[in-house]
Amino acid sequence: MTKQFPSYKSQSPIILSIDTSCDETAAAVTRGVVVLSNVIWSQAAAHAQFGGVMPSLAQRMHRERIDFVIDRAISKSQIPITKLSAVAVTAGPGLAIALEVGIAKAKELAGKYQLPLIPVNHIEGHVLSPLARPNITHNPSLNLRGEIKEDDIGLPNLGLVVSGGHTELILINKIGDYKILAKTLDDALGEALDKAARMLGLGYPGGAILEKMAKLGNPKIYPLPLPMARSEVKNSFSFSGLKTAFYRLTQRINRDSSISSGLSSRQIYDLSSAFQNRAFQHLERVIKNVIQNTPLPLFNQRGGSERVFLVGGGVAANMELRKRLRKIGKELGLKILFPYSTKLTGDNAAMIGIAAGLRYNPHNSLFATKYELVDRKPRWSVEEI
Ligand code: KG4
Ligand code: ZN
């Protein structure tokens, strides 16, 4: 049975979005690409004792926190719930039993308020997150209703997602039509940084703290191999060889150390710097190679003379990485865009609302299908949207 929804007005859709794909319980309200509220309750501290995310604990904590997080998102947005155009929820990829919590809640709310339910791919959310705008905006390509026209972002363009679970270079043909140009053969970049941080005793997740330590160190003190340096650069990233080399290196330094407590601060700074440097060098090398050697479709000139390159995901918060990607941008004529806040780089629901809003079409029957058809897709690829 097709549900009847309120007719579409010229206004951008106001969407309540939910993400429970991993260890952040998140809800947001967006109007088009404008973020009206973005509430994130991280469970990281609870999972830290296990050195990684425990799915059953994540599920329990999502269940305990989700109502509170949604209520906060709605009250902070100052939008009455009756004004919502739709509910959006992350359907995948992610932890199956964690995704389940958000999906069940989204169905409950969509049913209660008779709203369309939009399932969103988490990676699509990350890659489109640089298009999000704060509530007060002076961006001329954005009208006050929160619309971004495809012409204005120069599609087809490029995207990069660097998170704890994914490392993907993506061709964005148009919103909803993606092709993966390169992905990782093993660990994701964030996962590799977290593992290196753990070897140095920096806690979990350690990407951000590794960045701080690396800033104080010299990347040239300790030798580490550049991943896949001897092989011809292909359309793949790989971080597991670097991780193994780093493990051996830290073990050796620990063994030889004169300090009983293990590594000295100086050694931690230099080791962090060496690992981060090699991991980023590899990322840069593959990105450059793929972009230079892949015939890319022409992009719309209204996007400017440079092709737009959207960068999202937890590791996109890293300032050193941003600097290096901007340099690549200069060399290859790319206009690099990052999310405007670190509340949009790590897992959040605003990016899910933005992705849903950019594809929202009240006349599309996709949004009016039975809620039962919306189900968790733990391994959902961004190419299969
Ligand atoms: O996007 P995200 O919150 O979750 C996933 O979808 O995986 O990304 C989390 C990842 C973690 O690996 C975390 O260590 C990393 O992002 N991260 C960083 C920084 N902040 C978060 N890595 C490097 N530098 C940072 N400043
Ligand atoms: Zn994520």
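Numbering of ligands and ligand atoms starts at 1, following listing order. As the structure is a prediction and not an experimental result, all values here were calculated from the model.
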Heavy-atom distances under 4.0 Å are what count here, so tell me which part of [X] touches ligand 1: side chain, backbone, both or neither.
{"X": "His166", "value": "neither"}
{"X": "Asp194", "value": "side chain"}
{"X": "His126", "value": "side chain"}

Protein residue, atom and distance nearest to atom 25 (C) of ligand 1, heavy-atom basis: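 For this ligand atom, the closest protein heavy atom is Ala208 CA, 3.6 Å.
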Taking atom 26 (N) of ligand 1 as the reference point, the nearest protein heavy atom with its distance: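 Ranked first by proximity to atom 26 (N) of ligand 1 is Glu211 OE1, 2.9 Å.
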Does some non-hydrogen atom of [X] fall short of 4.0 Å from ligand 1?
{"X": "Gly165", "result": "yes"}
{"X": "His122", "result": "yes"}
{"X": "Thr345", "result": "yes"}

Is it the case that Arg322 places NZ or CZ above or below the six-membered ring of Phe338, under 6.0 angstrom from the centre and within 45 degrees of the axis?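 Judged by the rule, Arg322 and Phe338 form a cation-pi pair.
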Using a 3.5 Å cut-off on N or O atoms only, is [X] in polar contact with ligand 1?
{"X": "Gly206", "result": "no"}
{"X": "Gly190", "result": "yes"}
{"X": "Gly164", "result": "yes"}
{"X": "Leu193", "result": "no"}

The single option from Glu383, Glu384, Glu124 passing side chain to side chain donor-acceptor pair (under 3.5 Å) against Tyr178: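 Answer to the side chain to side chain donor-acceptor pair (under 3.5 Å) test with Tyr178 among Glu383, Glu384, Glu124: Glu124.
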Considering the options Lys220, Glu320, Arg324, which one meets the side chain to side chain donor-acceptor pair (under 3.5 Å) requirement together with Asn277?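 When Lys220, Glu320, Arg324 are each tested with Asn277, the side chain to side chain donor-acceptor pair (under 3.5 Å) holds only for Arg324.
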With a 4.5 Å limit on heavy-atom distance, are the side chains of Leu155 and Phe299 in contact?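 No. Closest side-chain heavy atoms not under 4.5 Å.
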Would you say Glu168 and Ile123 make side-chain contact, with heavy atoms under 4.5 Å?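 Answer yes - side chains close enough.
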In terms of atom number and element, which parts of ligand 1 are under 4.0 angstrom from non-hydrogen atoms of Gly314?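 Taking each heavy atom of Gly314 in turn, ligand 1 has 1 (O), 2 (P), 8 (O), 16 (O), 17 (N), 18 (C), 19 (C), 20 (N), 21 (C) under 4.0 Å.
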Check this for me, if you would: do Lys112 and Glu108 make a salt bridge, where the nitrogen-to-carboxylate-oxygen distance has to be below 4.0 angstrom?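 Salt bridge: no.
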Give a yes or no answer on whether the side chain of Thr244 reaches the backbone of Ser240 with a donor-acceptor pair at less than 3.5 Å.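 Judged by distance alone, yes, a pair lies under 3.5 Å.
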Regarding atom 6 (O) of ligand 1: of the candidates Asp347, Asp187, Asn318, which has the closest heavy atom?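 The option holding the nearest heavy atom is Asp347.
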Please lay out, stage by stage, how Glu24 and Asn348 fare under the test side-chain contact (heavy atoms from CB on, under 4.5 Å). CA-CA 7 Å; Glu24 263 92 26; Asn348 67 90; over 6 Å; no
Angle between ring planes, Phe239 versus Phe237, binned at 30° and 60°: parallel, tilted or perpendicular?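 Parallel, since the angle between the ring planes stays under 30°.
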For a side chain to side chain contact (heavy atoms under 4.5 Å, CB included) with Asn289, tell me which candidate from Val286, Asn293, Ile287 qualifies.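 The side chain to side chain contact (heavy atoms under 4.5 Å, CB included) with Asn289 is passed solely by Asn293 among Val286, Asn293, Ile287.
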Quick one: do Asp194 and Arg198 satisfy salt bridge (Lys or Arg N to Asp or Glu O under 4.0 Å)? Show the steps, please. CA-CA 6 Å; Asp194 289 344; Arg198 203 155 93 207; over 6 Å; no
In Å, rounded to the nearest 0.5 Å, how long is the span from CH2 of Trp380 to CG of Asp375?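 It is 11.0 Å, given to the nearest 0.5 Å.
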Using 2.8 Å as the cut-off, note every protein N, O or S atom close to the Zn ion (ligand 2).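 Only His122 NE2, His126 NE2, Asp347 OD1 fall inside 2.8 Å of the Zn ion (ligand 2).
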What residues form a side-chain hydrogen bond (donor to acceptor under 3.5 Å, both in side chains) with Glu211, not counting sequence neighbours?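 Applying side-chain hydrogen bond (donor to acceptor under 3.5 Å, both in side chains) to Glu211 gives none.
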